[in-house]
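Worksheet: one structure, shown below.
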Amino acid sequence: MTNRILPTLTLLLISLFAHAGGGMWLPLLLENLNEEEMQAMGMEITAEDIYSINEGSLKDAIVHFGGFCTGEVVSDQGLVLTNHHCGFGAIQDHSTLENNYLQDGFWAMDGSEELPNPGLFVTFIVSIDDVTSQILAGVTDQMSEKERARTIQANTTALKLGGELGAFEEVLVKPFYEGNRYYAFRTKTYNDVRLVGAPPSSIGKFGADTDNWEWPRHTGDFSLFRIYTAPDGSPADYDEANVPMRPKRHLEVSTAGIDPGDFSMIFGFPGTTEQYLPAVAMEQRTEIINPIRIGMRDLSLAVIDSAMRADEQIRIDYASKQARIANAWKKWRGESQGVEAVGAVAHRRQMERDFAERLAAKPSAQEKYGALIPELNRLYTDRLELEKTRAYVGELNYNIDLFRLANILDAQFAIADNNGMDAFRQRSERLLTYLQGIYDGYSPAVDKKVARALLPEYYEKLPSQYQAAYALDQREFAGGYDELIDDLFDRSYLTRGDRVLDMLAADPEAFVETIRADRAFQFVRQLNRLNESRVVDVYNEYADRINGLQRTYMDGLLRFFPERRLYPDANGTLRVSYGKFEGFTGLEGNTYDYMTYLDGVMEKYVPGDYEFDVPERLIELHEERDYGPYATEVGKMPVCLLGSNHTTGGNSGSPALNGKGQLVGLNFDRTWQSTMSDVYYDPTICRNIMVDIRYILFLIDKFGQAPHLVEEMTLIN
Ligand code: ARG
Ligand code: GLU
């Protein structure tokens with residue numbers, strides 16, 4: 001027996017070590033913390049090749065795309081690659097019934113066809129510096145959270161004033177490790193970013209919601225943009241005379257393919273993670289708060305889905321709203337399932353016991369850290385009802401467009417109150433465009449059904465002390481939910497977009513007055529005002545105290561566990577994750593391969609289906625196996641890849657790099673239960689999903705017939 005178990009155990013230990021447990025690392029710390037391990041895992045370049053302030057390094061090819069995704073420069077002409085779902089808004093803006101780029105795809109055949117996108121920008125990171133001592137100068141443990149925040153604010157302002165900045169440059173100072181360290185990011189932003197290419201949605205969004213957060217995956221989720229600069233090469237706002245950027249660095253593209261077990265690295269801008277939540281908070285999030293939000297969205301999605309099935313126009317109008325609501329809905333379900341399946345809460349409790357044990361060995365540290373965990377437990381527990389209320393009210397405001405509109409207007413009217421009517425009038429043009437966007441495709445009938453489904457939850461599931469007396473009165477007064485909702489929707493201007501827009505355009509002052517007296521506006525405002533005073537304000541007081549304790553806890557973790565490399569939570573700054581290209585064994589015991597192929601697209605193909613249709617031309621190319629130089633050695637066309645890189649929202653569009661630092665894929669998703677990695681990374685099942693770069697090249701060259709775009713790139717075989 002033993003001789004059979006032993007090798008297995010050793011293997012297990014080796015693989016546990018090799019997985020290393022996730023992490024989103026700061027590029028400037030790789031040399032000290034990660035380089036050795038990365039090279040042991042197969043990386044052939046150095047930390048200095050990834051991030052250097054002196055030489056051009058890989059980081060000079062990475063951009064924060066529009067502030068919400070990642071992109072990378074792939075040619076010396078400023079060509080940028082990102083996801084289709086990241087470029088979606090831009091592609092949609094340029095789409096009309098005659099030129100429907102969402103449906104048909106878009107390929108600029110030369111510079112003159114590249115399409116400008118007002119408001120879209122990309123940001124490069126020039127340098128990163130540890131500024132902890134400057135930012136925390138004068139901060140003491142005795143300070144209140146408010147005093148601390150004031151001191152930090154003053155130090156940050158002083159630091160920013162101290163440096164000289166060029167046009168379109170900025171310095172961002174961000175807290176790391178719950179505010180125990182601070183790093184400054186010097187950035188350079190380019191505002192002229194033009195659309196160059198995108199496959200049809202039937203490729204770029206193939207599988208849509210059914211396949212979202214799933215593996216095996218077959219989505220060609222990419223689009224192409226180009227950065228333009230002033231003729232002298234400096235960043236500039238859009239101008240016809242602008243020229244394609246000559247970047248400091250662009251990524252090489254490898255067409256050599258990858259094998260399972262090969263080193264992989266993701267370089268991008270992950271948004272938010274909460275890796276150091278105490279067990280009590282993780283349990284609340286995954287067992288109570290996620291289910292509340294999921295339940296609310298079950299209700300609104302049921303309404304929206306059936307309306308979309310019944311009416312072609314609604315299907316078009318509600319497509320992106322539905323995708324937005326469903327994306328997080330599905331993510332939360334996966335996260336809760338994953339956390340439960342691997343017992344993450346129990347692991348976290350164990351970590352807290354380890355913490356207590358190490359602390360016990362350091363009597364002098366008792367005073368500072370001794371009461372932490374019990375105190376965090378108490379605060380999170382006491383705050384739970386507030387957290388639940390926030391979830392319910394948050395979902396009302398998010399899902400019901402009438403609520404969303406009322407809240408936006410309420411915030412805008414505050415400007416009129418604080419800065420005068422002139423200030424409001426000045427902004428009314430912008431507000432008009434913004435409201436137009438919301439009313440475009442707005443269906444009061446669908447929205448009313450969403451409200452009918454969600455509003456009773458507010459009344460019936462919430463502790464009564466958090467319900468607005470006003471809202472209760474209104475229901476009493478109306479006689480029931482149907483009557484209340486009829487009343488809100490039928491007697492409000494806000495459900496009539498034309499009237500609202502006309503009024504605002506004609507006379508902003510009268511507009512403010514009329515809407516303020518509006519039935520639905522009043523209702524939403526009263527409900528949210530009460531929520532602010534009884535819930536949000538108290539919640540924020542808890543948050544201040546919790547944040548202070550989390551900071552001390554993090555400080556303790558860093559101190560007592562020097563042997564564990566603890567990585568800072570994602571906060572929208574540039575990070576490196578690394579792992580391997582590899583499949584996994586799912587929670588249900590099935591084993592999944594690390595790569596999918598075009599054959600799999602054809603297996604999923606459902607003619608005419610809105611999720612699984614396939615363009616004619618792709619079917620032909622597949623039938624003829626006409627893959628150009630992009631197929632694998634055995635003549636198959638790879639589509640998606642799987643890897644054990646720790647990623648999150650914001651990593652969409654991040655380059656997947658091989659051991660030589662060459663582009664081999666484009667990150668765009670995670671497997672379902674992997675989404676638990678936002679609170680707990682489990683190396684055995686957490687996997688990120690990428691498009692294989694060879695599929696992208698094939699789609700540009702053979703499908704889009706835009707080989708000039710591939711020729712711009714630096715291909716290495
Ligand atoms: N799940 C991916 C990411 O969060 C892709 C989202 C876009 N696709 C969709 N069907 N909504 O955010
Ligand atoms: N699709 C996500 C995004 O838009 C990335 C996937 C994830 O959350 O891992 O950033």
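Side chains are part of it too, since the values below use all heavy atoms of this structure and drop only hydrogens, waters and symmetry mates. In listed order, ligands and their atoms are each counted from 1. Because the structure is a prediction, the values reported are computed rather than measured. This chain uses plain numbering: 1 for the first residue, then up along the sequence.
With respect to atom 4 (O) of ligand 1, the closest heavy atom belonging to the protein is Asn327 ND2, 3.1 Å. Counting only heavy atoms of the protein, atom 2 (C) of ligand 2 lies nearest to Ser652 OG, 2.8 Å. Annotation: atom 11 (N) of ligand 1 to nearest protein heavy atom, Ala323 O, 3.5 Å. In terms of protein heavy-atom proximity, atom 6 (C) of ligand 2 is nearest to Asp669 CA, 3.5 Å. Scanning the protein for heavy atoms near atom 9 (C) of ligand 1, the closest one is Asn212 ND2, 3.6 Å. Among all protein heavy atoms, the one lying closest to atom 9 (O) of ligand 2 is Arg670 NE, 2.6 Å. Protein heavy atom nearest atom 2 (C) of ligand 1, with residue, atom name and distance: Asp669 OD1, 3.2 Å.
Any N or O atom pair closer than 3.5 Å counts here, and Trp213 shares no such pair with ligand 2. The shortest N/O to N/O separation between Cys69 and ligand 2 does not fall below 3.5 Å. Checked by distance only, ligand 2 and Asn667 stay at 3.5 Å or farther apart across all their nitrogen or oxygen atoms.
Of all the atoms in ligand 1, the ones that sit under 4.0 Å from a non-hydrogen atom of Asp209 are 10 (N). Ligand 2 places these atoms under 4.0 Å from at least one heavy atom of Gly650: 3 (C), 10 (O). Atom numbering of ligand 2 starts at 1 in the shown order; those under 4.0 Å from a heavy atom of Gly649 are 3 (C), 7 (C), 8 (O), 10 (O).
Residue contacts with ligand 1, taken as heavy atom pairs separated by less than 4.0 Å, involve Phe668 solely via the backbone atoms N, CA, C and O. Neither the backbone nor the side chain of Phe68 has a heavy atom within less than 4.0 Å of ligand 2.
Screening Phe124, Phe225, Phe65 for a ring-ring contact (aromatic ring centres under 6.0 Å, His included) with Tyr190, the sole residue that qualifies is Phe124.
For the residue pair Thr647 and Asn688, no side-chain donor N or O sits within less than 3.5 Å of a side-chain acceptor on the partner. Side-chain contact, Asn651 with Asn667: no donor N or O sits under 3.5 Å from an acceptor N or O. At a cut-off of 3.5 Å, with distance as the only test, no side-chain donor of Asp669 or Trp215 sits close to an acceptor on the other residue. For the residue pair His622 and Asp599, a side-chain donor N or O sits within less than 3.5 Å of a side-chain acceptor on the partner. Residues Tyr442 and Asp401 have side chains that never bring a donor and an acceptor to within less than 3.5 angstrom of each other. A donor-acceptor pair shorter than 3.5 Å can be found between the side chains of His85 and Asp221.
Ligand 2 is approached by His85 to a heavy-atom distance shorter than 4.0 Å.
Salt bridge status for Glu283 with Arg348: absent, with no side-chain N to carboxylate O gap under 4.0 Å.
Contact record, Tyr177 with Leu566: OH-O, 2.6 Å, taken as the closest heavy-atom pair. Residues Leu574 and Phe185 approach most closely at N-CE2, 4.4 Å, considering heavy atoms.
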